[in-house]
Amino acid sequence: MNLIHATIKSFDIVYRIEKKRIWLTIFDLVVKIIHSFIFGVIFFKYFLDVLFEEKDIQLAVILIFLQLIWHVFYYFHDQWHQNIYLKCSNARVKEKVYSGLFAKTIGIEMARIDSPEYYDDFRLVLRQSADAMLSITDTFFKYMKDMILLLLNGTLFLFYEPIYAIFIVLNVFCTYVTNLASNKYQVQKTGALNPVQRKYDYVKRTFYTESAAVDLKTSKVYDVILKSEDSANCEMQQVLDLYNTKLFRVEAVAELSRNVFGKLPYILLGIKAILTKLYTSSDIAVIVLSMGNTRNSLNSIISIYPELQKSGIYVEKYLEYMKSESKIPANKGGKQPKEGANAIRIRDVSFSYDGEKEVLSHINMDIRAGEKVAIVGENGAGKSTLVKLLLRLYIPREGEIELDEVPAQEYNLEAYRDRFGVAFQDTRLYCATVAENVWMDTCTEGESERVVQALKSSGIYSRVAEAARGIETTVTREFDPDGIEFSGGQAQKIALARVFARDSGIVILDEPSAALDPMSEAEMFDNMLRAAEKRTVVMISHRLSACRGADMIYVLSGGRIVEQGTHQELTAAGGMYANMWETQASGYIDLQIVGEKCT
């Protein structure tokens, strides 16, 4: 039932993407049947009769000429269909299938993406699903062709020598059993290799990733990475040894049965023809050809089913992946947030990544529209996790988050997230133009002015302006030798430009100055406050000097809010914030003294 479902769905998907593929494949099927049976058997028998029985040389030459014309047509048709049309069609189908997978992945909740099983499943679906759909559709037509040829050749063969059918049946039965076993082991082998191959991919990615190049050249981490490769290699060797041994045994049995049951009837036919002289040369040719074609068609039909089963498994995995619903639904019919600065209310929110250890516990915040709020605390206090909850990348285990007094889940998810402009500490730049990296979308001419202004506000425009193509310059030189490379601090300024470019009601800055020097940090905050004058700002920072101007500061420790108030109130309270402030202030003073001594 699953195979039927997978077949129907594969046809549906391929046909919607590439409508003419079905009709061209049907035409190709008819051509192959004519080529195999009409010209390969019937025409050949007639030619032998004309040549040896009727001895009509003139007609024989005409038949050779007709055969030549057909073969030229068949050759060019087959080359065009196989090497031009199908390859281009396959690429179009794969592109659409992959695009659908990528679009679906955007809607998958982070909790699922965090699991190793997800990467194994997604990698398998990404690598196998499109090929499996194409295999099912092509194999179905191959099955139809083989069924028709079986009927035609089988009828002809049984007319001459029905007794030899027993050898064909035994040959086909052995092929069927060995194919079932072989396909089972192949699927198990692919599943076992998938997580191991992911480890290999990680190692390879590490060696060509620019961010890892310095560590690889200046430390012994090279040996650590190679240990991972050795471990993956041992696991892969065990898998290959196990399944290749099983596959070898199956193939040995298959080859033995092919030789015994495949060649024995030809030997017996030859002996009978010599002893009885019942057959003409054309009869013997027809018997041999039709018997071979019958066996090949039966073997093909039998082997197709396990192949369809294997492809069906991958298609079902694809369909299961595409049908899976995120725990954070898109809610396309949901409410639309209001324009301008937005208010946030966090009501008794608790969260755990693994369902056991709490990362956040009973968090309560009331952030008014247009307010500037700072969230500070030690590493691992849960600051960045709180940001991910605000963005609805995760769902709180307890409690609720509201935007403008409306529960976050009641909004259209895309519209809700559009209200946030976020600059994360770990900025990822993409191999696209500077403008696209800032706008995070295709950038029109009218939007380019906003991109330029955003780059100026973040203090990185002068660097971009040095490039010949300005904001149309490609980021990184991976695919463009004239691309532009940014340092860590400059990349963070690009992240800030993303915030400045958007009309978001809430600005979230997650350690926005971590890679900036003090002068750039001061300039960044001045620019940020000016650009976000009419927006709500939530700032995550280890540097408390950046928090002094905040309307409210929340201090997190162990996933709980331990203090809250203004900078003046918290320093006067003498608690955790005051201790952090004194520690950081003394550090700046010590650095200043060292600097003065050096000069």
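Since the model is a prediction, treat every value here as computed from it, not as a measurement.
S129 places no side-chain N or O within 3.5 Å of a backbone atom of L126 that could act as its donor or acceptor partner. Between the side chain of E410 and the backbone N or O of P407, no donor-acceptor pair lies under 3.5 Å. Judged by distance alone, the side chain of S458 and the main-chain N or O of K493 form a donor-acceptor pair under 3.5 Å. Distance alone, capped at 3.5 Å, places no donor-acceptor pair between the N412 side chain and the Q336 backbone. When atom types are taken as modelled, the side chain of S231 and the backbone of K227 share no donor-acceptor pair closer than 3.5 angstrom. Judged purely by atom type and a 3.5 angstrom limit, R347 has no side-chain atom pairing as donor or acceptor with the backbone of G399. Between the side chain of D404 and the main chain of P337, no donor-acceptor pair closer than 3.5 Å is present. Under a 3.5 Å cut-off, the side chain of R502 and the backbone N or O of W439 do form a donor-acceptor pair. Counting only distance, with no hydrogens or angles, the side chain of R345 and the backbone of D366 share no donor-acceptor pair below 3.5 Å. Between the R498 side chain and the V422 main chain, no donor and acceptor come within less than 3.5 Å of each other.
Contact of the L390 side chain with the I346 side chain is registered, since non-hydrogen atoms from C-beta on lie closer than 4.5 Å. A heavy-atom distance below 4.5 Å is found between the side chains of W581 and H567. Looking at K96 and I13, their side chains never come closer than 4.5 Å, going by heavy atoms from C-beta outward. Counting heavy atoms from C-beta on, the side chains of Q409 and E400 come closer than 4.5 Å. A 4.5 Å side-chain heavy-atom check between L496 and L509 finds at least one atom pair inside the cut-off.
Smallest separation of non-hydrogen atoms from D510 and S384: OD2-OG, 3.0 Å. Heavy-atom minimum distance, V196 versus A232: CG1-O, 3.2 Å. Of all non-hydrogen atoms in E358 and S350, the two that sit nearest each other are OE2-CB, 3.7 Å. Nearest heavy atom pair, residue L360 against residue G382, reads CD2-O, 3.5 Å. A pairwise comparison of heavy atoms in G377 and K383 identifies O-NZ, 3.1 Å as the closest pair. Nearest heavy-atom pair across V349 and I401 is CG2-CG1, 4.0 Å.
Separating the CG atom in N342 from the CD1 atom in I367 is a distance of 11.5 Å, to the nearest 0.5 Å. In this structure, CD1 in I375 is found 11.0 Å from CD1 in I553, a value given to the nearest 0.5 Å. For the atom pair L319 CG and S324 OG, the distance stands at 11.0 Å (nearest 0.5 Å). From L403, atom CG reaches atom CZ of R419 across 8.0 Å, with rounding to the nearest 0.5 Å. Here the straight-line distance linking atom CG of N90 with atom CD of E95 works out to 13.5 Å at 0.5 Å rounding. Atom CD1 of I561 and atom CG of L556 lie 5.5 Å apart (nearest 0.5 Å).
Heavy-atom contacts from other residues, nucleotides or ligands closer than 6.0 Å to NZ of K9 number 12 or fewer. Counting heavy-atom neighbours within 6.0 Å of E466 CD, excluding the residue itself, gives a total above 12. Around atom CD of E414, no more than 12 heavy atoms belonging to other residues, nucleotides or ligands sit under 6.0 Å away. The 12-atom threshold is exceeded at NZ of K189, counting heavy atoms of other residues, nucleotides or ligands nearer than 6.0 Å. Environment of CZ in R92: crowded, with over 12 heavy atoms of neighbouring residues, nucleotides or ligands closer than 6.0 Å.
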side-chain contact (heavy atoms from CB on, under 4.5 Å) assessment of M133 paired with V97 = CA-CA 10 Å; M133 288 178 205; V97 171; 4.1 Å; yes
inquiry  = Run F486 and N437 through side-chain contact (heavy atoms from CB on, under 4.5 Å) and show every step you take.
reply    = CA-CA 12 Å; F486 292 109; N437 268 278; over 6 Å; no
ask   = Going through the checks in order, is the side-chain contact (heavy atoms from CB on, under 4.5 Å) test met by M552 and E371?
value = CA-CA 8 Å; M552 178 63 68; E371 195 171 30; 4.2 Å; yes
query = Does the side-chain contact (heavy atoms from CB on, under 4.5 Å) test come out yes or no for Y461 and V452, once each step is laid out?
reply = CA-CA 7 Å; Y461 181 69; V452 170; 3.6 Å; yes
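Residue pairs meeting the ring pair (Phe, Tyr, Trp, His ring centres under 6.0 Å) criterion with at least one member in residues 332-358, sequence neighbours excluded, are F351-Y353, F351-Y394, Y353-Y394.
D551 and K372 are not joined by a salt bridge, as no carboxylate oxygen comes within less than 4.0 angstrom of a charged side-chain nitrogen. Residues R469 and D480 are paired through a salt bridge, judged by an N-O separation under 4.0 Å between the basic side chain and the carboxylate. In summary, D503 and R450 engage in a salt bridge, as defined by a charged side-chain N under 4.0 Å from a carboxylate O. Salt-bridge check for K199 with E229: failed, with every basic side-chain N at 4.0 Å or more from each acidic carboxylate O.
Below 30°, between 30° and 60°, or above 60°: for Y321 and F122 the angle between ring planes is between 30° and 60°, a tilted geometry.
Using modelled atom types and a 3.5 Å distance limit, the side chains of E485 and Q490 yield no donor-acceptor pair. Judged purely by distance below 3.5 Å, without hydrogens or angles, the side chains of Y243 and T190 never pair a donor atom with an acceptor atom.
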